[in-house]
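This is the structure, below, for whatever I ask next.
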Amino acid sequence: MAGTSKMTIAELLKRKRQAGKITMLTAYDYPIAKFVDAAGVDVILVGDSLGMVVLGYESTTPVTMEEMLHHAKAARRGVSRALLVGDMPFLSFRSSTADAVKNAGRFVQEAGCDAVKVEWKHGIEDVTKAIVDAGIPVMGHVGLTPQTAAAEGGFGMRGKDAESAARIIGQAIALQEVGCFAMVLECIPDVVAQEITQRLTIPTIGIGSGPWCDGQVLVTYDLLGLYDRFTPSFVKQYATLGTTIRDAVTAYVRDVKAGTFPGTEHTKTLAPDELARLKQELG
Ligand code: KIV
């Protein structure tokens, strides 16, 4: 397990300089955040993947600020060491710069997040700069950006040809220039991720983007086997908790129906004198 001192942005930047790997995972509630934090993960993201893996939406676009804040507050209560990042949901930073700054501020003031994350969109540099200027650290996100993926032709890999690879490299550099402290690279070829990692002075954190990023992130529900609609090919599943839950609940249903739960060890019985008194009082 990693050290116990509070993770900072300065420490993440130092890791990049010293070529130490950064770990990041998502969490949306108190118990998972607590386990993830205790395992030594450096950055915990309250991702808008919340919408799909917890709330059951078909995509991340319906997720609201109120839903994000509700879950970010719960995760905050479980995190004592990791850097906690709130993911700006779809419409929270696209209508106006003032709204974007206000919503980023809500993640910090109301939910106690240490930073926010924004997905790339055209013109995001100004919005990002305004959030950074307001004193809120921002993590960028380029490559596959799920909030706009459907409108951009689906969830496949981005940056496979020279033109789109150059575009993504330019986006990452632009976001670094306006003050982002780290960059998520989602679903881009390993060599493009390597190129970005070499060009940026801030850490890159890859998902489905190969091993040469400065760190890695996964959706925790994918890693734990808790989301069964689909599992992306880049996910390594470290546990099958969905099966564990179903088996445990099946056993509970069987025990209740068979009358074997609750057993004597789960039942409070009265001592003989207490029983006698109760019977007398009940008449
Ligand atoms: O919402 C999310 O979980 C994310 C990660 C996949 C980086 O953006």
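Only heavy atoms go into these numbers, but all of them, side chains included; no hydrogens, no water, no symmetry mates. Given the structure is predicted, the values throughout are model-derived calculations rather than measurements. Quick note: residue numbers are just sequence positions, from 1. For ligands, and for the atoms within them, numbers begin at 1 and follow the listed sequence.
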Hey, are S49 and T26 close enough side-chain-wise for a donor-acceptor pair under 3.5 Å?
no
Find all protein N or O atoms under 3.5 angstrom from an N or O atom of ligand 1 and list the pairs with distances, or write 'none'.
residue: ligand 1; atom: 1 (O); partner: D48; partner atom: N; Å: 3.1
residue: ligand 1; atom: 1 (O); partner: D48; partner atom: OD1; Å: 3.0
residue: ligand 1; atom: 1 (O); partner: S49; partner atom: N; Å: 3.0
residue: ligand 1; atom: 1 (O); partner: S49; partner atom: OG; Å: 3.3
residue: ligand 1; atom: 1 (O); partner: D87; partner atom: OD2; Å: 3.2
residue: ligand 1; atom: 3 (O); partner: S49; partner atom: OG; Å: 2.5
residue: ligand 1; atom: 8 (O); partner: K117; partner atom: NZ; Å: 3.0

Going by atom type alone, with no hydrogens or angles, which donor-acceptor pairs under 3.5 Å involve a side-chain atom of residues 136-146 and a protein atom two or more places apart or on another chain?
residue: H141; atom: ND1; partner: K117; partner atom: NZ; Å: 2.6
residue: H141; atom: NE2; partner: L144; partner atom: O; Å: 3.2
residue: H141; atom: NE2; partner: E186; partner atom: OE1; Å: 2.9
residue: T145; atom: OG1; partner: T148; partner atom: OG1; Å: 3.1

List, one per line, each side-chain donor-acceptor pair under 3.5 Å for residues 247-259, sequence neighbours excluded.
residue: T250; atom: OG1; partner: R246; partner atom: O; Å: 2.7
residue: D255; atom: OD1; partner: T260; partner atom: OG1; Å: 3.4

Suppose we screen for side-chain hydrogen bond (donor to acceptor under 3.5 Å, both in side chains). Which residues come up paired with D222, at least two apart in sequence or across chains?
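Per chain and number, D222 pairs via side-chain hydrogen bond (donor to acceptor under 3.5 Å, both in side chains) with no residue.
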Judged by atom type as modelled, is there a donor-acceptor pair below 3.5 Å linking the side chain of S209 to the main-chain atoms of I188?
yes
Are L69 and Y30 co-members of a hydrophobic cluster defined by side-chain heavy atoms under 4.5 Å apart?
no
